[in-house]
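This structure is a prediction, so every number in the text was calculated from the model and none was measured.
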Amino acid sequence: MKTLYKLSIAFALLSFAACDLDEIPVDTGTNQAIFGSASGMELYALSFYDLLPSTDVGVFQDDNMSDLVARNGVDDFLAPGALSPITSSGWNWSGLRNINYFIENAEESTVPEKNHYLGLARFFRALFYFDKVKRFGDVPWIDRTIDVADSTTLKAPRDNRFEVMDHVLADLDFAIENITLTSDPSCTRITQNVARAYKTRICLYEASFRKYHTRYEMQSTADAWYQEVVEAANGITGFTLHQGTTGDRSYRELFITKSPYVDETILAVALDASLQVFSSANRRFISPTYGSRPSLTRQFVNTYLKLDGTPFTADPDYRTTPFVDEVKDRDLRLKQTVRLGDYHRTENGVPVIAPPNFNQTFTGYQPIKWCYDERFPYDDESRNDNAHIIMRWGEVLLNKAEALAELGAMTDAEWAATIGALRARAGITGTTLNTMPTVADPYLVEYYLGKFTNPVLLEVMRERAVELVFEGLRPDDLKRWHIGELFEEAPMNGMYVPALGEYDLNDDGVMDVSFYQGTRPTPSNPAIAFVDVSPSSATGRIQLSNGTSGEVQWNPGAREWLDKKYLYPIPEADRERNPALGQNPDW
């Protein structure tokens with residue numbers, strides 16, 4: 001895909017970007033060169049790929065502010081008083097103008113292949129509007145370039161979000177019908193299957209938004225969107241779950257490969273050292289200063305099943321089980337997501353034992369999912385060149401499973417093909433692979449604040465969090481399910497510590513961490529990490545829940561959830577330009 005990136009960079013000189021709705025592309029001599037040939041339209045269409053997620057910060061960082069992750073500091077979205085119409089952002093429409101300009105001109109083209117490129121443009125317009133609707137709710141639907149003298153459009157109020165989403169669905173259906181590319185060995189181009197996969201994601205969001213955000217009174221329309229998810233998923237062909245060379249690595253292999261695995265990856269952004277296109281995954285997960293030091297919470301880790309398919313939380317002693325014991329015989333994705341047991345890294349190619357490092361983690365559940373095992377140069381520089389996966393078959397299976405559960409249409413056969421298949425890859429055995437649950441897990445009922453009691457849906461929610469953690473979807477899940485309270489209320493808790501003192505976290509006979517109060521003790525191992533858990537209510541301190549014992553508790557600072565945060569406020573500067581935009585409720 002080097003050619004794609006080079007063409008994209010070159011095309012930046014021709015792209016039409018602006019900041020306000022009244023700044024429009026201007027016809028030039030390049031018009032015929034672009035729209036008079038398939039190669040010209042293909043070149044132009046490369047500019048649309050800029051709408052895909054950034055590779056540097058990556059989708060892997062989006063979950064950091066969710067209920068699953070303890071991290072350093074509090075995002076402005078959750079910090080009390082930080083988000084306001086003055087600080088809000090995202091009301092940028094340059095990407096839309098670029099797309100609409102293309103659509104208007106391509107529709108007039110005589111090139112036989114034009115519908116393929118129109119399908120690409122409308123796919124990206126659907127993505128553009130989906131992001132805007134998620135963020136702001138009602139937005140202006142604009143499907144053409146706007147003349148600078150068109151004050152009626154430029155000063156018009158916003159359109160109803162549900163009508164806009166109907167347009168998004170129409171764009172997705174057009175894309176699926178007209179994109180001619182059916183497969184791509186690089187996994188980096190938009191194909192029919194990519195459009196179908198994104199349709200499952202977008203329609204699932206819209207269906208649950210309509211169902212659970214009852215103030216809009218759109219619950220009766222939700223099932224039609226759930227059905228769209230199922231039909232789109234059923235139309236995808238050619239993918240399966242990646243099995244890898246060994247069962248205890250197949251899941252993680254997806255996220256640390258330079259070339260995407262074509263069996264499961266539907267869409268990725270390929271990184272390239274020769275073009276200086278990297279991500280900063282290692283630095284953001286591992287560096288004690290560069291990133292937010294994200295660590296999984298114990299409340300979430302508790303949801304990983306045991307290998308026999310039973311809940312870990314069914315053990316009456318689960319709350320007081322030390323780390324070295326609680327991670328044994330668990331869903332294999334746990335050891336492929338965080339450091340535990342026999343995890344090793346390398347330093348200049350030399351293997352080194354790597355237990356959880358409390359100089360880098362707040363909870364003890366230290367991520368490895370997107371990180372290279374080699375320390376140099378990845379931990380200290382933004383040099384990751386592992387493929388940036390943004391859509392895969394595992395997500396499609398989960399999207400379909402959730403839609404079926406919501407429709408009451410899940411069968412044992414569908415369960416086995418979706419949730420069962422994901423669990424089988426994770427090494428889980430037992431009836432959970434082939435038989436739907438009939439009793440709700442009380443731990444999950446409590447986790448989700450008593451708002452969900454359907455046993456099938458709850459297990460889909462368990463599986464979704466475990467399978468997709470650090471893939472950037474969790475904040476949207478909390479919003480669409482209308483359980484934003486978890487942004488604020490989810491505990492930033494970690495491993496259980498029976499008493500002050502030293503602990504061997506990987507059972508190799510070497511002490512790895514010392515929890516103490518007062519004077520720092522003399523360590524048995526010079527490389528040991530010290531954690532001062534002296535009583536304190538200060539931000540940025542680790543405590544134990546019972547003072548000198550209990551769960552690790554991290555205090556990142558005050559978090560605040562208000563229901564108005566389901567939508568961002570319209571930025572004040574944009575409202576000043578167009579007062580008809582109004583403002584979102586309670587902002």
Side-chain angles (χ1 to χ4, degrees), residues 69-72 282 285-302 304 312 317-328 330 334-347 351-369 371 373 375 379 491-536 538-556:
V69 180
R71 66 281 184 186
N72 189 26
N282 273 55
F285 279 111
I286 298 173
S287 169
T289 56
Y290 184 76
S292 59
R293 295 170 62 182
S295 312
L296 295 188
T297 69
R298 193 177 199 222
Q299 184 188 46
F300 167 53
V301 171
N302 284 340
Y304 282 73
F312 170 71
D317 297 323
Y318 81 88
R319 291 182 178 85
T320 56
T321 303
F323 177 82
V324 72
D325 295 320
E326 72 175 342
V327 299
K328 294 176 180 177
R330 299 286 291 277
L334 183 57
K335 69 181 294 184
Q336 297 174 78
T337 302
V338 298
R339 297 186 184 190
L340 54 89
D342 59 354
Y343 177 67
H344 285 65
R345 303 197 75 207
T346 60
E347 295 188 2
V352 294
I353 298 173
N357 184 346
F358 266 89
N359 291 320
Q360 300 164 344
T361 179
F362 295 119
T363 67
Y365 306 107
Q366 185 173 1
I368 60 172
K369 180 170 174 176
C371 300
D373 293 331
R375 175 180 175 182
D379 291 7
M492 301 290 100
N493 61 342
M495 64 175 61
Y496 178 76
V497 180
L500 299 179
E502 295 185 347
Y503 289 90
D504 173 8
L505 299 180
N506 58 352
D507 215 14
D508 66 348
V510 178
M511 296 301 174
D512 303 304
V513 61
S514 173
F515 296 95
Y516 73 97
Q517 293 182 355
T519 303
R520 178 179 290 192
T522 301
S524 62
N525 169 20
I528 204 166
F530 287 96
V531 182
D532 183 358
V533 293
S534 298
S536 173
T539 296
R541 292 294 302 274
I542 291 176
Q543 303 288 285
L544 298 181
S545 59
N546 299 321
T548 57
S549 67
E551 289 184 337
V552 165
Q553 294 185 323
W554 165 246
N555 180 6

Flag the pair Phe362 / Asn72 as yes when at least one side-chain heavy-atom distance between them is below 4.5 Å, and no otherwise.
yes
Do Ser295 and Gln360 have side-chain heavy atoms sitting under 4.5 Å apart?
no
Would you compute the distance between atom CD1 of Ile353 and atom CG of Asp508 and round it to the nearest 0.5 angstrom?
4.5 Å
Between Tyr516 and Phe530, what is the ring plane arrangement, given parallel below 30°, perpendicular above 60°, and tilted in between?
perpendicular
Is there side-chain contact between Val338 and Leu334, with at least one heavy-atom pair below 4.5 Å?
yes
If we ignore hydrogens and angles and just use 3.5 Å, is the side chain of Ser534 paired with the main-chain N or O of Gly518 as donor and acceptor?
yes
Kindly indicate whether the side chain of Glu502, heavy atoms from C-beta on, has any atom under 4.5 Å from the side chain of Pro523.
yes
Heavy-atom donor-acceptor pair, Asn493 side chain to Arg298 backbone, under 3.5 Å:
yes
Arg541 side chain near Asp532 side chain, heavy-atom distance below 4.5 Å:
yes
With a 4.5 Å cut-off on side-chain heavy atoms, are Asn357 and Ile286 touching?
no
Looking only at heavy atoms, what is the nearest atom pair of Asn506 and Asp504, with distance?
OD1-OD1, 3.0 Å
Gap separating the CD1 atom of Ile368 from the CG atom of Asp373, nearest 0.5 angstrom
6.5 Å
Minimal heavy-atom distance between Leu544 and Ser549, with the atoms involved, is CB-O, 3.3 Å
Polar side-chain atom of Arg330 near backbone of Val301 as donor-acceptor pair, under 3.5 Å:
yes
Non-hydrogen side-chain atoms of Lys335 and Asp342 separated by less than 4.5 Å:
yes
Using only heavy-atom distances, determine whether the side chains of Asp379 and Tyr290 contain a donor-acceptor pair under 3.5 Å.
no
Reference residue Tyr365; test ring pair (Phe, Tyr, Trp, His ring centres under 6.0 Å); the match among Phe323, Trp554, Tyr496, Phe300:
Phe323
Within the 4.5 Å heavy-atom criterion, are Met495 and Leu505 side-chain neighbours or not?
yes
Could you tell me whether a side-chain N or O of Arg71 sits under 3.5 Å from a main-chain N or O of Arg293, the two making a donor and an acceptor?
no
